[in-house]
Each structure stands twice: as structure tokens, then as C-alpha cells.
Amino acid sequence: MAAAYHLSGIWRAIRRYNRQHSRDTFAPSKLGDRMATFDAELSELLRAYSNDDRLSFVVRTRIVWGEIKLI
């Protein structure tokens, strides 16, 4: 069996990040007319962690491969 790690740097604009609402608690159907307020407050909080209104992430992935041995 072998394994490998892969690191990728990605970024996402805050306005696009806000469009990925939770499928339950913060779903547009549950937020209703409060969605614009929620988006504005979330944007304000995230702006402190952004660079030019972009959020940066480093994603680490571990890939494992091998073969199945019948016993």
C-alpha cells in the first residue's frame, strides 16, 4: 500500500463564499428575508481574514492506494 499527500492553495471571493449556505440551519428557505442581513454580517466577519475580499485556503489531501489480496 502506498500513500501520497497533495497540498493545493485555493481562494474564494467572500461574496461567492456567502452563496454556499448550509443546507439546513442557514439554508435560504429558513433564513427567508433575513438572508441579506446574514450575508452582510458574515461578510463583515470574514473580511478580517481576507486579502482584497478574497479568502485563501490550503487544502491537504491524502490519497492511499494498494491492492486487495484474497486470503
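What you see is a predicted model, and the numbers here were worked out from it, not measured in a lab. If you read the sequence from its start, that first residue is 1, and numbering goes on from there.
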**Q.** With Ser8 via side-chain hydrogen bond (donor to acceptor under 3.5 Å, both in side chains) - residues at least two apart
**A.** His6
Only pairs under 3.5 Å count here: list side-chain donor-acceptor contacts from residues 51-70, not counting sequence neighbours, and write none if there are none.
| residue | atom | partner | partner atom | Å |
| --- | --- | --- | --- | --- |
| Asp53 | OD1 | Arg47 | NE | 2.9 |
| Arg62 | NE | Tyr5 | OH | 3.2 |

Q: Look at the side-chain heavy atoms of Ile, Leu, Val, Met, Phe, Trp and Tyr, link any pair under 4.5 Å apart, and say whether Trp11 and Leu46 land in one connected group.
A: no
